Participant: 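Please read through the structure below; I'll follow up with questions.
All values below come from the heavy atoms of this structure, side chains included, with hydrogens, waters and symmetry mates left out. Given the structure is predicted, the values throughout are model-derived calculations rather than measurements. The chains referred to below are lettered A, B, ... by the order of the sequence lines, with proteins before strands, and numbering in each begins at 1.
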There are 2 protein chains.
Amino acid sequence: MDDGVKSGQHAVRTSNLGLILRAVRRRAPCSRAEVAAATGLTKSTVSSLVGELIDRGLLREAGAAAGERRVGRPGVMLEVDDRSIAAIGLEVNVDYLTIVAVDLVERELFSRHADFDARAAGPGASVHRMAALLAEALADPLLAERTVLGVGIAVPGLVDAATGTVTHAPNLRWHDVALRGPVAAALARQGLGAVPVAVDNDAGLGAVAEHRGGHLAGTPDLVYVTGEVGIGAGVLVGGVPLRGARGYGGEIGHMPVDRGGPRCGCGRRGCLEARAGIAAILRGTVPDLLPDGPLAGAAIARAVRATAERAASGDARARGALAEAGEWLGRAAAVLANLLDPSAIVLGGYFVPLAPWLLPACEAAVAAHTIAPPRGGALVHASTLGLRAAARGGAASLVDALDRGRLPLPPRRRPAPRG
Amino acid sequence: MDDGVKSGQHAVRTSNLGLILRAVRRRAPCSRAEVAAATGLTKSTVSSLVGELIDRGLLREAGAAAGERRVGRPGVMLEVDDRSIAAIGLEVNVDYLTIVAVDLVERELFSRHADFDARAAGPGASVHRMAALLAEALADPLLAERTVLGVGIAVPGLVDAATGTVTHAPNLRWHDVALRGPVAAALARQGLGAVPVAVDNDAGLGAVAEHRGGHLAGTPDLVYVTGEVGIGAGVLVGGVPLRGARGYGGEIGHMPVDRGGPRCGCGRRGCLEARAGIAAILRGTVPDLLPDGPLAGAAIARAVRATAERAASGDARARGALAEAGEWLGRAAAVLANLLDPSAIVLGGYFVPLAPWLLPACEAAVAAHTIAPPRGGALVHASTLGLRAAARGGAASLVDALDRGRLPLPPRRRPAPRG
DNA sequence: CCGATTAGTTTGGTTTCCGTACGAACTAAA
DNA sequence: TTTAGTTCGTACGGAAACCAAACTAATCGG
């Protein structure tokens, strides 16, 4: 029916509010006059918009200009207000639930990691547990007086972001599970009525987290590679996660990298996952510690720790297997680099603790298979966000939406100016 | 310095003009009232905006409502005006120059294909030849009274779209060639002063052409695969070409598909280009017709025709080689499909005349290597735009920019209403 | 011919940004 | 201490754009 979004005066103001928020975020502390010069808006417009952002707890004044003494009236410094707002991220995965709350500068206020088998528990019990974690977070004194911007939920699978539904999450064995409604209801019981609830793919949110909060912050074109039970990719294009036509996409686990290689769970041969998935790595590094059946969550974490210990102590078998896996990862990363030309490819999940032994071979393989001239720094990095990346991405995506003027502003904390 | 685009009243109007243009394009013929209902704008606003679009030659009234008779005053039908505007696309490639002019509904008004060796001629002489083609097009009676929206130039290589410069085009042996300035100067000599000149990558523009004009029109997530001397990909995400961090990207020619396969010109083994590039195909189908040295432009075209003839007449060697190449193409296409989840992958260039024998094996390989559930129709298609795809994309990208309110509107042809 | 219905225009109002002017706050120098 | 110069932030009128509602126009059914 509708084919686009109409504009109006309200859209203008919303867009400019986001523009100013971004400008202050980048330059803080800075004065209104600096913002006006940077954005091209007039000083009077900036004054009006900054006033509203202050009233809503998004910006604050931070005393006079410290330091350099220049001629003329000194400006009043502005900065992002990190005391009024909280954004909450939540990740459901096969073997754990993670919750993270951040402030407007994306510093962590609260985080909790809970072992939890969402597959065995099923959607209903999982939502129940998520609600309990939310209640725990909201009860924390650091969040007490804050306005909650929203809750972003990361799920390993296919998601319909418009309706907040998990369409297809094979690892969780969830199909067509509506998450937004139940979680919003749980929030309402906590007294938070109209708080937005967003549901998204974990790899895409991992990429958002790296874009906004990791040590690569600000990089708008990057790929985040998950290293959980499967291997997935979250592709960020211009700061926006790529979804594809149907919401599938980011599937790189079964990219064929080694024709005639070992058989993969999908029935084919030589898939990336069969060569560099966490199960394949562990079979190469610590075969003596693995159970006979399929690998379960906690066993993986233990085996990964053991692998890291052995590699650190110089174990040749472990190091060799890691270098080999790193090379396969690098070949796949080179395909991504050639096709997408990202600024960075970030390895997440269980790849992080193993990165010291994966990365050298990986980078060499990338260099050997990349067409474009090499860039300044390294292309492949290990995530600094660890297992909290997707949850942080859930929270960060809300702050990002606010920054871009795509989220309703939080309510005024001071009364509106005379009207 | 600047980190975003400010909004103002003008931005609102521009955006809504584009919104209405798109709405009419989709629904034509339709009345102002229908447009208002579809866009959410009020009737008065639609009236004002439609008036401006008519004055500028983008829309026109098309008599009363034909056909169905309903109660009430009948609306005045609106449609996209295909008589006032022309958009010009130009493609420079290794062995030819192509120019295409289209109207606002993207019907072809003029097209010319010229054998031309841009590599031997160099940038200066190439621009000269492009100017001559432009003059020829502008002299055509079908373009006589039209306002020229702009000129979009497709180049096989890396481009800085912001400055209109060819940064790096190895096949042309062009480096840091400024195209916008000289072409704009040539247009100015034709009396077209302020006509926008856009320079972009040929694969990306091929994708735009398929998105807007091919038989897949309207598909916003697709990949266009060029089949010229090299193999490149143009990736369209939400209707916008993906550029990547530096403008590289779309490089799939050297994706490793066959470890231990034949040696490629890049020094590696088993690249897609070495398996399914046009040179590799021709070596498999018509080895007896090929010269000893490297393949030049016209010789390729002849050999491709011969290949098609032999395959059509049932030649087993030709058909076998084409099926094999199709399978390699399909393996690469499956990687793209898994990563990007496009609605379609379109084969262009020299793949088009060979498509009847490439596609069956290609589609089988895609089906065998794709993870996501299959969609309704076929995923891989042959382009219907042939060698004119990139040039058409150059023109179509300007119409697209107009549709999205990203192009200055053409001047009024009627005086502005009383003011 | 008249009411009902739908289409499109006109008029007045609101919102938002912009341009200009002005007071406030500070430095520099006599 | 005074004066000039500079910069910051705010206030006010104007312009541009959309919206709401009233109004005119055209057609159908009776």
Side-chain angles (χ1 to χ4, degrees), chain A residues 4-20 24 29-55 59 61-78 405 409 416-419, chain B residues 5-20 24 27 29-55 59 61-78 405 409 416-419:
Chain A
V5 175
K6 70 173 177 178
S7 294
Q9 290 93 330
H10 189 66
V12 171
R13 192 160 182 92
T14 304
S15 157
N16 285 334
L17 284 167
L19 180 66
I20 288 184
V24 172
C30 67
S31 68
R32 289 169 174 82
E34 283 175 70
V35 172
T39 57
L41 297 165
T42 59
K43 287 190 293 180
S44 54
T45 303
V46 171
S47 260
S48 158
L49 294 167
V50 164
E52 180 164 355
L53 290 170
I54 290 176
D55 288 349
L59 292 183
E61 298 186 339
E68 49 173 319
R69 312 209 129 231
R70 288 172 23 240
V71 118
R73 173 179 168 178
V76 179
M77 293 296 108
L78 300 170
L409 293 178
R418 61 204 170 78
Chain B
V5 175
K6 71 173 178 179
S7 294
Q9 290 93 332
H10 191 67
V12 171
R13 193 161 181 91
T14 303
S15 157
N16 285 335
L17 285 167
L19 180 65
I20 288 185
V24 173
R27 295 175 174 75
C30 68
S31 67
R32 290 168 174 82
E34 284 176 69
V35 172
T39 58
L41 296 164
T42 60
K43 286 191 296 178
S44 53
T45 303
V46 170
S47 263
S48 160
L49 292 168
V50 165
E52 180 163 354
L53 289 170
I54 289 176
D55 288 349
L59 291 183
E61 298 185 339
E68 49 174 319
R69 311 209 130 233
R70 290 168 27 236
V71 282
R73 171 179 167 179
V76 178
M77 293 298 109
L78 299 170
L409 293 178
R418 64 208 168 75

Participant: Nearest-Å distance, CD (B:E52) to P (D:dA16)?
Facilitator: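 Atom CD in B:E52 sits about 12 Å away from atom P in D:dA16.
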
Participant: Quick one: is C:dG8 close enough that its OP1 or OP2 comes under 4.0 Å of any side-chain N or O from B:S31?
Facilitator: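 It does, given that an N or O in the side chain of B:S31 lies less than 4.0 Å from OP1 or OP2 of C:dG8.
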
Participant: Starting from C1' on D:dT10, measure out to CD on A:E61 and report it in whole angstrom.
Facilitator: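 From A:E61 CD to D:dT10 C1': 13 Å.
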
Participant: Quickly work out the B:L41 CG to C:dG8 P distance and round it to whole Å.
Facilitator: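 One finds 15 Å between P of C:dG8 and CG of B:L41, rounded.
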
Participant: Could you work out which one of D:dT6, D:dG9, D:dA26 sits closest to the side chain of A:R32?
Facilitator: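 Of the candidates, D:dG9 comes closest.
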
Participant: Could you state the NZ-P distance from B:K6 to C:dT16, rounded to the nearest angstrom?
Facilitator: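 Going from NZ in B:K6 over to P in C:dT16 covers 17 Å.
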
Participant: Looking only at side chains, do A:S31 and A:R73 share a donor and an acceptor under 3.5 Å apart?
Facilitator: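 The criterion, which ignores hydrogens and geometry beyond distance, is not satisfied for A:R73 and A:S31.
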
Participant: Counting just side-chain N and O atoms, does B:N16 come under 4.0 Å of either OP1 or OP2 of D:dA17?
Facilitator: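 Indeed not, no polar side-chain atom of B:N16 lies that close.
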
Participant: Answer with yes or no whether the side chains of A:T42 and A:T45 bring together a donor and an acceptor at under 3.5 Å.
Facilitator: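 Result is yes, a qualifying pair exists.
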
Participant: To the nearest 0.5 Å, what is the distance between OG1 (B:T14) and CG (B:L19)?
Facilitator: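 Result: 12.5 Å between the selected atoms.
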
Participant: Figure out the CE/P separation between A:M77 and C:dA25, and round it to whole Å.
Facilitator: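 It is 16 Å, rounded to the nearest whole Å.
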
Participant: What nucleotide, of D:dG9, C:dG8, C:dT14, holds the atom closest to the side chain of A:Q9?
Facilitator: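 Nearest nucleotide to the side chain: C:dT14.
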
Participant: Has the side chain of B:K43 got a donor or acceptor atom that lies under 3.5 Å from a matching backbone atom of B:A33?
Facilitator: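 A pair under 3.5 Å: no.
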
Participant: Nearest to the side chain of A:T45, which nucleotide is it out of D:dC18, C:dC18, C:dG8?
Facilitator: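 Ranking D:dC18, C:dC18, C:dG8 by closest atom to the A:T45 side chain puts C:dC18 first.
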
Participant: When you get a sec, tell me which of D:dC18, C:dG8, D:dC19 is the closest nucleotide to the side chain of B:S44?
Facilitator: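 Within the option list, the nearest is D:dC19.
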
Participant: What is the separation between atom CG on B:L17 and atom C1' on D:dA17, rounded to the nearest whole Å?
Facilitator: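 Computing the B:L17:CG to D:dA17:C1' distance gives 11 Å.
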
Participant: For DNA chain C, whose closest nucleotide is more 5', that of A:R13 or that of A:R73?
Facilitator: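 First, find each residue's nearest nucleotide; the 5'-ward one identifies A:R13.
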
Participant: Under a 4.0 Å N-O cut-off, is there an ion pair linking A:R32 with A:E61?
Facilitator: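 Yes, charged N to carboxylate O under 4.0 Å.
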
Participant: Report yes if a side-chain nitrogen or oxygen of B:K43 is closer than 4.0 Å to either non-bridging phosphate oxygen (OP1 or OP2) of D:dA21; otherwise report no.
Facilitator: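 Looking at the OP1 and OP2 atoms of D:dA21, neither is under 4.0 Å from any side-chain N or O of B:K43.
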
Participant: OP1 or OP2 of C:dC17 sitting under 4.0 Å from any side-chain N/O of A:T42?
Facilitator: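 Negative; the distance criterion is not met.
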
